[in-house]
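Inspection log for the structure reproduced underneath, given as structure tokens.
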Amino acid sequence: MLKQKFLLTYGIESISLLFGIASGIIVARIGGPDVVGTLAFGMSFVAVFQFITDLGIGTAHQKLITSTDDIKDYVTTFAILKIITSFLFLSVIVVYYYFQVNFLGNHDLNKPEIKAVIFIYIAIYFLDSLNYIFRTNFIARTERAKVEIPSFFQTTLDKLTRIILILLGFGAIALATSSLFYLIIIIPVNYFLFRNYKFGKFRKDFIKSYVSISIPVIIITFTQQWTDNIDRILLRELHGTYELGLYMAAFSLSAPVKLLGSSIGSILFPSFSSLLFQNEISKISALITKYRKYLVTVFLPFIILMILFSTQIVLFLFGEKYASTSIYFPFIITTLFIYIYTLPYLNLAFAKGMFKQIAVISVIILIIQTGLIYVLSGKTGLNLKGLGASIALLMTNILLFIIYNEITKKTLGIKRDKKIYFILTFQIILGFLAMMVLRIDLMFQYFIVPVVFLAIIFFVEWNTRIITKDDLNFFLSLINIRPLFKYIKDEMNNL
């Protein structure tokens, strides 16, 4: 069942991603870095306060209802707490905006286009917070069809509309409004899917359970929101919207890697919580081992190829004005790969309730990342612009991996798999050799190199028995979509 849930999540989000990439490329090419930068800044300005929409109660709710069958009172208590935090977010972000403009003199924020985009994203984050009253329950019960299918239609229609709008000559305001419009449409759909969840009583005594988990989670969410957005905010402040647009183009190309991470994370946390409740430590260890194996043996070779051909990919998709993006892209996609490699360790720490330790780590990472961005990207530092921000992200994610890898080894006692580290090292060395070959002017090199590169890697993996017949059977089973449709039908019929 876990396989079907992952297939549904990654399959649907992959299709959405294709529309997202197409939309991003068209918007970037026609609208230019200024439109991309304005949208990215408006979203980031609001997103750093997104933690207030939740204040840790979403994570607490997932943790609490995976440990019980009687969830009615939890559903009601969570819904009321979520409404309160949503309106608290709305109040704080509006006050913060006018404080920036009227007291700190940040008059750039009062420019009509930037102001409009910011307030549209305020509305989006507020309504999406209310929407998560339903979605958080679906996620906690790992009802992936209810999570993914409405979201798929929402994002797909949004991306298609964005393409039409940019082709018609509209700018950042219209593109942001498109996202708001489809969010408003999808909320009643999620309410319909939620209708068989029973409401109980609001339990004041439950608040203590939520708070005991949510207080450190507030710190984690706050620092995570800032960690995810500080590079964009500082890059715009230090070098302007245009440079931010170049930087964000590299992130749009890295979307497949980021998508894998979000798909896995949304499944692993509730799954780990449930398995820990049942004391199934061996199953958790087996899941993590298989995840690492497939990530390195199957996914990493394509990451390396994307790095090798980064210049060609960027220039082909975005054009000459995004030439700088090809320098940022290898660092960003490597960062995202390290992040998704770390995800199971991070999710395990969450599932074990190590919220205080995670909060401390998150604060330290935010401080380090902010300092590195100023040193590497700032005009008073090395002035590397987007490259400096990219390197800062890579360094902090390597540090995160080291920390959570050590925590997992102590928690589960997972031994180092020498074969995985061997094939990892082999792929990196082979990647450097391929890069040297690409510098030689050979006929058909851009076709021959990737084919030979992949053939050598999979040949070595097969002959060293890192990949076996059981693994091939597992991947072939993914092609069989009948169990997937059965899972979707069973879940959607359970309304």
Side-chain angles (χ1 to χ4, degrees), residues 21 24-25 27-29 31-41 44 227-258 300-340 369-399 427-428 431-441 445-446 449-450 453:
I21 291 174
I25 291 169
V27 168
R29 288 188 74 104
D34 284 320
V35 170
V36 175
T38 299
L39 287 168
F41 176 73
S44 297
T227 302
D228 289 345
N229 292 281
I230 194 67
D231 54 334
R232 300 159 198 194
I233 292 172
L234 290 181
L235 203 55
R236 181 191 176 275
E237 293 299 321
L238 295 169
H239 299 289
T241 303
Y242 189 88
E243 179 64 25
L244 177 59
L246 297 175
Y247 180 75
M248 290 307 298
F251 269 97
S252 68
L253 290 177
S254 307
V257 185
K258 189 176 182 180
L300 181 58
F302 294 98
I303 296 289
I304 294 174
L305 283 179
M306 291 177 76
I307 293 171
L308 290 174
F309 291 93
S310 58
T311 301
Q312 289 77 16
I313 293 171
V314 169
L315 294 180
F316 175 73
L317 294 176
F318 293 110
E320 288 290 341
K321 60 186 173 184
Y322 285 89
S324 299
T325 300
S326 63
I327 303 171
Y328 311 156
F329 178 62
F331 291 95
I332 290 172
I333 197 168
T334 303
T335 298
L336 290 174
F337 178 80
I338 293 170
Y339 169 72
I340 63 171
Q369 184 166 303
T370 304
L372 285 172
I373 291 172
Y374 271 112
V375 171
L376 297 172
S377 184
K379 294 177 181 177
T380 56
L382 297 180
N383 198 25
L384 296 176
K385 298 184 178 180
L387 178 60
S390 305
I391 295 172
L393 259 64
L394 178 60
M395 293 173 69
T396 50
N397 274 271
I398 291 172
L399 179 59
Q427 288 184 40
I428 293 171
F432 276 110
L433 293 174
M435 183 173 64
M436 294 171 64
V437 171
L438 287 171
R439 291 181 176 179
I440 305 171
D441 189 16
Q445 61 179 348
Y446 294 118
V449 169
F453 176 80

Margin query: To check you understand the geometry: which heavy-atom pair defines the closest contact between Pro33 and Tyr242, and what is its length?
Written below: CG-CE1, 3.4 Å
Notebook entry, point to check: How many angstroms lie between CE in Met435 and CD1 in Ile304, if you round to the nearest 0.5 Å?
Noted result: 11.5 Å
Notebook entry, point to check: Just by modelled atom types, is the Leu246 backbone N or O under 3.5 Å from a matching donor or acceptor in the Thr325 side chain?
Noted result: yes
Notebook entry, point to check: So do the side chains of Tyr322 and Leu317 get within less than 4.5 Å of each other, counting heavy atoms only?
Noted result: no
Margin query: So which atom in Tyr247 and which in Arg232 form the shortest heavy-atom distance, rounded to 0.1 Å?
Written below: CE2-CG, 4.4 Å
Checklist line | Nearest-0.5 Å distance, CD1 of residue Ile332 to CZ of residue Phe329 | finding: 8.5 Å
Notebook entry, point to check: How long is the gap from CD1 on Ile307 to CD1 on Ile333, to the nearest 0.5 Å?
Noted result: 6.0 Å
Check: Counting only heavy atoms not in Phe309, do more than 12 fall under 6.0 Å of its CZ?
Finding: yes
Margin query: For the CG atom of Leu244 and the CG atom of Leu234, what is their distance to the nearest 0.5 Å?
Written below: 10.5 Å
Margin query: Whether the side chain of Ser44 engages the backbone of Phe41 through a donor-acceptor N/O pair (distance < 3.5 Å, no angle test) should be reported.
Written below: no
Notebook entry, point to check: Considering only heavy atoms from C-beta outward, does the side chain of Ile340 approach that of Leu336 to under 4.5 Å?
Noted result: no
Note to self: Using every non-hydrogen atom in the two residues, find where Ile327 and Pro330 come nearest and quote the distance to one decimal.
What the structure shows: O-CD, 3.5 Å
Item checked: Sequence-distant partners of Asn397, side chain to side chain donor-acceptor pair (under 3.5 Å), two or more places apart -> none
Check: Is the count of non-hydrogen atoms from other residues, nucleotides or ligands lying under 6.0 Å from Phe331 atom CZ greater than 12?
Finding: no
Checklist line | Euclidean distance, Leu308 CG relative to Phe432 CZ, rounded to 0.5 Å | finding: 9.5 Å
Notebook entry, point to check: Once you round to the nearest 0.5 Å, how far does OG1 of Thr335 lie from CZ of Phe251?
Noted result: 7.5 Å
Next item on the list: Evaluate the criterion side chain to side chain contact (heavy atoms under 4.5 Å, CB included) for residue pair His239 and Ser377; output intermediate values, then yes/no.
Entry: CA-CA 9 Å; His239 299 289; Ser377 184; 3.7 Å; yes
Checklist line | Residues that Glu237 engages under side chain to side chain donor-acceptor pair (under 3.5 Å), provided they are two or more places apart | finding: none
Check: Closest approach of Ala434 and Val449, non-hydrogen atoms and distance?
Finding: CB-CG1, 3.9 Å
Could you pull out all donor-acceptor pairs under 3.5 Å where a side-chain atom in residues 385-396 meets a protein atom, sequence neighbours excluded?
from   : atom 1 : to     : atom 2 : distance (Å)
Ser390 : OG     : Gly386 : O      : 2.8
Thr396 : OG1    : Gln369 : OE1    : 3.0
Thr396 : OG1    : Ala392 : O      : 3.0
Thr396 : OG1    : Leu393 : O      : 3.0

Next item on the list: Output, in order, the C-alpha distance, side-chain angles, deciding distance and verdict of side chain to side chain contact (heavy atoms under 4.5 Å, CB included) for Leu433 and Val437.
Entry: CA-CA 6 Å; Leu433 293 174; Val437 171; 5.6 Å; no
